[in-house]
Protein chains: 2
Amino acid sequence: MTAATNATPRIDLSRLLNPRGIAVVGVSNDPARIGGQALRLLTDFGYAGRIYPVNPKYGDIKALTCYPDLLSVPQPCDVALIALSAERVAGAIEQCGKAGIAFALVLASGFGETGEEGKRLQAQLSATARKANVRVVGPNCLGILNLKDNARIGFGGTAQLRTLKPGPMAMVTQSGGFGFGVVAMAAYSGVGCNYAISSGNEADLNLLDFLADLIERPEVEIVVAFMESIDDGRRLLAIAERALELGKPILAWKVGNTDVGSRAATSHSARMTTSYAVYRAAFKRGGLVEIREADELIDVAKAFLIRKLPAGNRVGIVTLSGGAGVLLADRCVEHGFELPPLSEPTTEKLRKTLVSFASCNNPVDATAHSYNDNYASYGEALRLVLADPGIDQAVARVPRGRGARPWAENLVQMLQGSDKPVVLNWPSAPDDNGDVLAYLEGNGVPCILGAGRAARALAALTDFARRRRARQEQGKRPFQRLVVRQGLELPAGPGTLGEHRSKQFLKRYGVPVVREVSLQPSEIENLEAAPLAFPIAVKIDSPDVPHKTEAGAVRLGIQSLAALKQSARDVLAAVRQHQPDARIEGILLQEMASGLEVIVGALNDACFGPTVAFGLGGVFTELLEDVTYGFAPFDAEAAREMILEIKGARLLDGYRGRPKLDVAALADTLARISLLIADHADRIAEIDVNPVFVREQGVVAADALIVLKE
Amino acid sequence: MTAATNATPRIDLSRLLNPRGIAVVGVSNDPARIGGQALRLLTDFGYAGRIYPVNPKYGDIKALTCYPDLLSVPQPCDVALIALSAERVAGAIEQCGKAGIAFALVLASGFGETGEEGKRLQAQLSATARKANVRVVGPNCLGILNLKDNARIGFGGTAQLRTLKPGPMAMVTQSGGFGFGVVAMAAYSGVGCNYAISSGNEADLNLLDFLADLIERPEVEIVVAFMESIDDGRRLLAIAERALELGKPILAWKVGNTDVGSRAATSHSARMTTSYAVYRAAFKRGGLVEIREADELIDVAKAFLIRKLPAGNRVGIVTLSGGAGVLLADRCVEHGFELPPLSEPTTEKLRKTLVSFASCNNPVDATAHSYNDNYASYGEALRLVLADPGIDQAVARVPRGRGARPWAENLVQMLQGSDKPVVLNWPSAPDDNGDVLAYLEGNGVPCILGAGRAARALAALTDFARRRRARQEQGKRPFQRLVVRQGLELPAGPGTLGEHRSKQFLKRYGVPVVREVSLQPSEIENLEAAPLAFPIAVKIDSPDVPHKTEAGAVRLGIQSLAALKQSARDVLAAVRQHQPDARIEGILLQEMASGLEVIVGALNDACFGPTVAFGLGGVFTELLEDVTYGFAPFDAEAAREMILEIKGARLLDGYRGRPKLDVAALADTLARISLLIADHADRIAEIDVNPVFVREQGVVAADALIVLKE
């Protein structure tokens with residue numbers, strides 16, 4: 001496990017999401033203007049709180065009293081919806097403070113997302129809000145939709161749709177336009193959303209603040225986070241941990257992941273970008289469900305709304321057509337499912353239930369002939385498969401025609417007695433069995449169009465359930481700290497430490513390093529016997545020569561004292577010639593080591609803090625980017641899980657007659673390096689341990705480098 | 001290019017697809033029975049030909065004369081639709097022959113897909129059909145839907161749907177239930193289908209016969225092939241080449257690709273399965289579009305129905321929301337698109353057109369403010385991007401609200417003057433702008449829901465266009481045969497050839513092999529000087545010891561004559577001890593070689609014939625399955641393309657300071673090996689050349705093995 005981290009305290013956003021009164025600052029009676037739209041969204045959709053238009057130009061507007069300024073607005077007023085142009089916003093926020101309005105929601109663009117002037121305005125906005133003790137949503141946002149209470153606080157085309165509907169989902173999005181569009185799509189597909197929040201430029205309240213609040217709400221079962229980047233990865237992980245505890249999935253949709261996309265995201269929201277690979281690792285560790293497509297989001301949400309989690313990854317497939325069964329089998333296997341054979345009693349019962357040319361193995365094909373008994377035998381086959389003790393969940397196909405409705409009704413009843421989730425994959429257009437689909441979905445049986453999409457949705461449930469079980473297991477044992485915090489005599493200021501010194505600090509944390517001595521040239525000349533066993537490697541030990549091989553500052557496989565002395569001279573000469581200014585701390589003599597080469601890196605990520613990267617050496621890391629990440633500190637068990645994630649992990653496990661290597665020792669070393677960087681995150685920017693040799697017994701670090709912070 | 005192959009002659013299926021008369025054998029007046037359903041499908045959907053019910057039990061049926069047997073049916077009758085049980089089918093086919101009915105369509109199950117009795121019945125059916133000169137569709141199929149001419153010849157739930165509609169697509173499917181379901185879904189999504197053919201067990205006519213006919217029909221623009229396996233991969237490639245020539249895409253949907261799926265497919269249709277990796281390589285080589293999901297199929301079909309192919313892979317993105325632009329940019333890059341910066345004049349015009357805080361780079365974000373001018377500026381932005389000479393195609397978002405319809409109308413008009421395809425990605429539910437979507441799609445502008453799905457559909461166009469251009473280029477130059485057919489003195493019968501003999505045959509085809517001599521033990525003992533330059537490798541040369549290293553029959557890096565002699569003795573002793581029966585052809589002395597290790601394999605695939613596999617050595621091939629396939633014979637240019645396909649190809653190209661290796665020589669060697677196996681496909685089962693060392697200049701094969709056919 002990763003050591004426990006605390007989320008910053010939750011800010012209770014009840015009064016923001018469901019305000020007793022809303023002031024609309026910059027209100028207009030022109031519905032084409034933002035201030036006009038914002039007012040109409042409140043008046044036309046049944047908002048039950050008080051509405052206070054604010055504009056010195058009007059007496060009253062839409063039969064509502066219009067106030068000249070925020071100070072004259074009556075209490076209670078929880079939110080000021082500010083529809084003013086950028087340069088007038090800070091003044092309005094100051095007024096909120098004076099009027100005792102706790103929340104301001106700023107719609108205007110022209111802040112941090114534009115040039116220098118915009119950035120200045122945003123800084124001014126933030127400072128004013130802090131001083132006035134007002135919490136701000138936006139700027140450059142579309143607002144907040146509370147569909148449960150008919151409070152549509154914002155503007156824009158999507159907010160005006162009558163088709164939006166409340167429901168157990170909540171959305172927080174850094175792109176209002178896109179995120180609200182997805183909320184509309186979900187509504188069309190039957191998935192309602194109680195809250196949709198556009199976080200805009202996040203001058204004050206950010207995506208994580210909203211996430212932390214939303215997961216605690218009983219009326220929210222699923223939270224979607226559409227993000228370009230966040231500023232505090234650890235808080236995301238802490239929120240994710242809390243969400244796992246609550247059993248509520250966070251669906252994380254991250255964009256700006258390719259170079260081009262990331263450049264576009266930066267220009268769009270002026271946010272820093274952290275590597276997508278690190279985000280993905282965080283999603284995995286935290287049990288967040290990564291989403292990449294709109295229909296995937298809806299499919300996954302529907303699957304979670306079954307409100308049953310599978311106990312394992314074994315799936316049963318039941319269809320009416322062989323082709324569909326084969327396709328579903330392919331996709332389930334690709335998504336990591338097992339398709340175990342059914343138990344002998346189940347198969348026996350299936351044989352008695354289905355026609356003679358049916359397939360009674362997993363995947364079960366009842367064949368189209370079940371049409372003739374109104375799908376009674378098909379329904380019974382699904383019941384039998386689901387009841388099999390070796391099956392955790394099932395996928396089946398929706399039938400068509402007159403028998404489909406009774407089949408669906410029986411299914412819904414049967415599922416009430418089962419704690420295993422079932423997802424249906426429907427083969428055809430909804431216009432010929434639309435009522436059956438609607439009935440099924442209305443009763444918690446998702447009907448998902450594509451075979452791959454159905455498998456994906458079930459896989460999201462399975463992964464979430466597994467992560468939740470793992471968390472419960474972990475909760476029972478304390479974090480295993482392998483070594484207490486070590487004081488290190490790190491030099492002041494930035495810079496790279498020499499190899500020998502770097503290794504001394506690694507040793508302090510219990511990381512095994514090759515036997516070595518660092519000697520002065522004169523000491524080497526005076527040696528009468530080698531201080532280590534041959535063969536020996538000779539290297540320069542200098543903080544200024546990080547790439548020793550390229551500098552000609554390494555000699556390997558030395559077998560005699562004479563050769564050792566000569567190598568020391570050669571190495572010294574090479575460095576003096578190529579880098580005359582390099583500070584030389586000594587000449588390093590090392591016993592040669594061997595084993596499978598792996599690389600352990602640790603860095604202080606701007607968003608996720610101390611992070612450890614692990615991969616195999618050579619082409620695996622360089623060319624194939626087969627790297628995994630862990631968030632420091634973590635213990636050996638978490639490290640073991642990390643190690644087994646990489647594609648090349650099989651090389652550690654006796655692949656093709658190779659010896660089985662000491663994964664336990666490697667995990668131990670990763671955990672210790674994670675403690676080193678976490679304990680000294682204030683000073684250490686980066687640790688590179690490359691290579692570490694993994695052997696049949698133990699591991700050993702052959703080279704290392706510590707970089708201190710600026 | 002791959003050497004030209006000829007498709008078997010096309011069987012003209014006009015009379016099958018659009019028969020003048022159809023006899024329904026085993027007709028019933030019970031609509032629940034297959035013979036009843038089949039008749040109703042013809043009478044109720046407006047089939048214009050003659051219908052001849054055949055059943056001795058009835059006088060007339062549904063106001064149609066019923067005939068006692070096929071011989072009494074009047075002419076013209078092109079198709080006998082046989083709705084009899086399995087054991088009665090052969091007799092009916094015999095009657096077809098006598099009655100001069102050219103085609104029989106057999107619906108019954110209980111043939112090859114079941115046990116031994118079924119296999120016997122299917123063999124009998126095939127033999128009868130050949131003798132009677134009748135072409136058969138099925139058995140175990142759902143029939144043929146000709147929606148253009150209202151001929152629904154078959155049975156089943158989907159065939160009865162009123163929502164099916166004709167259109168430029170055609171489908172041939174080895175799973176009738178699944179494939180017809182997809183046809184229904186496509187119709188619901190606006191893509192009509194003129195023909196849908198369920199090929200069933202393919203006792204006579206098979207998927208490729210249908211494919212070959214369908215691509216030639218002017219009323220067919222896109223053909224979908226849903227397959228579990230085919231029996232003649234080369235014919236598929238030949239048909240694909242013809243389809244490329246015609247500019248008609250074949251959408252290939254292959255299932256049974258995982259172990260479990262493949263097992264299920266085998267039990268479902270009793271077909272042999274070839275590796276999915278080989279199929280995928282064939283799809284790529286042939287320019288087939290691989291499909292894996294139902295909505296992907298519809299998206300791709302819609303994109304092709306734009307009827308414009310892009311000139312390159314440069315895409316312009318225009319949106320109304322930054323988040324959508326970033327997401328689309330990510331997905332386009334992931335699908336291999338370039339997002340070039342726009343030209344200076346385009347950017348300049350965009351700046352004048354859009355609001356000040358819009359993003360005028362690619363992706364262009366016109367921002368939600370374009371709502372205020374009814375999307376006039378947004379429409380103009382898309383026009384400008386599409387007109388940019390550096391852009392080959394564009395993706396944009398569908399707007400919403402009152403301005404959307406005029407925007408759409410302007411767009412449709414503008415696109416009439418452009419030869420570049422545009423795909424729209426729509427952000428929201430169709431219920432708020434459904435009429436706009438319908439208008440756009442009705443006018444050849446596809447509106448695709450997900451960003452990834454939109455990018456995927458455009459990528460299918462781009463790949464197809466590239467492959468078509470490549471084919472046109474290739475058409476201009478003849479196949480480059482690097483060496484004429486060589487007669488080889490292959491021993492009679494099956495078996496493995498020894499290394500030295502295998503290499504002699506490779507040399508005959510111009511494959512460079514290491515310098516080596518094969519000597520008898522006594523000859524080695526009598527040597528007075530080494531016959532090759534040191535260092536030398538010593539190996540046993542025996543067809544019975546394919547794994548020499550494991551048998552202790554290899555010594556490497558020998559530096560002296562004495563060591564060479566001792567090694568020869570050791571190697572011989574090791575083999576005599578472990579494999580006393582091994583036939584020893586000699587002791588092989590080789591000059592040591594080095595370079596980047598690659599593996600070239602060639603095999604005679606049951607479906608695709610002589611096929612060459614290529615991959616890098618070690619973990620790349622073994623663990624990462626980073627292997628590519630080519631269909632022999634091919635020339636050096638095709639080999640070069642193959643080589644560059646693998647993930648590890650960068651290692652050949654001066655990756656991270658390594659030397660650039662001789663890819664041309666490697667391509668030459670692959671092409672020569674492809675000629676060797678193709679010329680001798682009747683005798684050679686397998687060739688393994690492992691390793692081949694690739695150097696800065698040239699390549700050299702260090703070990704090789706040829707296996708002869710059973």
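The sequence lines fix the lettering, A, B, ..., with proteins before strands; numbering per chain opens at 1. Computed over heavy atoms, backbone and side chain alike; hydrogens, waters and symmetry mates excluded.
Within the 4.5 angstrom heavy-atom criterion, no atom of Glu338(A) approaches chain B. Interface remark: Gln160(A) contributes side-chain atoms only to the contact with chain B (heavy atom separation under 4.5 Å). Within the 4.5 angstrom heavy-atom criterion, no atom of Ala368(A) approaches chain B. For Tyr655(B), the part lying near chain A is the side chain, with the backbone staying farther off; criterion is any non-hydrogen pair under 4.5 Å. Looking at Ala324(B), both its backbone and its side chain come within 4.5 Å of chain A, counting heavy atoms on both sides. If you measure heavy-atom distances from Arg292(B) to chain A, the contacts under 4.5 Å come from both the backbone and the side chain. The contact between Leu651(B) and chain A is made by backbone and side chain atoms together, counting heavy-atom distances below 4.5 Å. For Asn372(B), the part lying under 4.5 angstrom from a heavy atom of chain A is the side chain only. Within the 4.5 angstrom heavy-atom criterion, only side-chain atoms of Phe226(B), from C-beta onward, approach chain A.
Considering only heavy-atom pairs separated by less than 4.5 Å from chain A, the leading option among Arg453(B), Glu293(B), Glu334(B) is Glu293(B). Most heavy-atom pairs under 4.5 Å with chain B: of the set Gly110(A), Gly648(A), Gly450(A), this distinction falls to Gly450(A). Considering only heavy-atom pairs separated by less than 4.5 Å from chain A, the leading option among Val333(B), Leu327(B), Ile317(B), Leu328(B) is Leu327(B). Contact count versus chain B (heavy atoms, under 4.5 Å) is highest, among Ala294(A), Gly157(A), Ala451(A), Gly401(A), for Ala451(A).
Between Thr173(A) and Ser199(A) the shortest side-chain heavy-atom distance does not fall below 4.5 Å. In this structure the side chain of Leu142(A) never reaches within 4.5 angstrom of the side chain of Leu107(A), judged on heavy atoms. Between Val315(A) and Leu339(A) the shortest side-chain heavy-atom distance falls below 4.5 Å. A heavy-atom distance below 4.5 Å is found between the side chains of Asn361(B) and Pro341(B).
In terms of modelled atom types and a separation under 3.5 Å, the side chain of Asp365(A) and the main chain of Gly325(A) share no donor-acceptor contact.
Judged purely by distance below 3.5 Å, without hydrogens or angles, the side chains of Arg397(A) and Ser321(A) never pair a donor atom with an acceptor atom.
For the pair Asp653(A) and Arg658(A), the salt-bridge criterion is not met [side-chain N within less than 4.0 Å of a carboxylate O].
For the pair Arg402(A) and Tyr371(A), the distance from NZ or CZ to the six-membered ring centre is under 6.0 Å and the angle to the ring normal is within 45 degrees.
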Practice problem: Output, in order, the C-alpha distance, side-chain angles, deciding distance and verdict of side-chain contact (heavy atoms from CB on, under 4.5 Å) for Arg456(A) and Arg331(A). | Solution: CA-CA 8 Å; Arg456(A) 160 67 189 132; Arg331(A) 293 296 173 273; over 6 Å; no

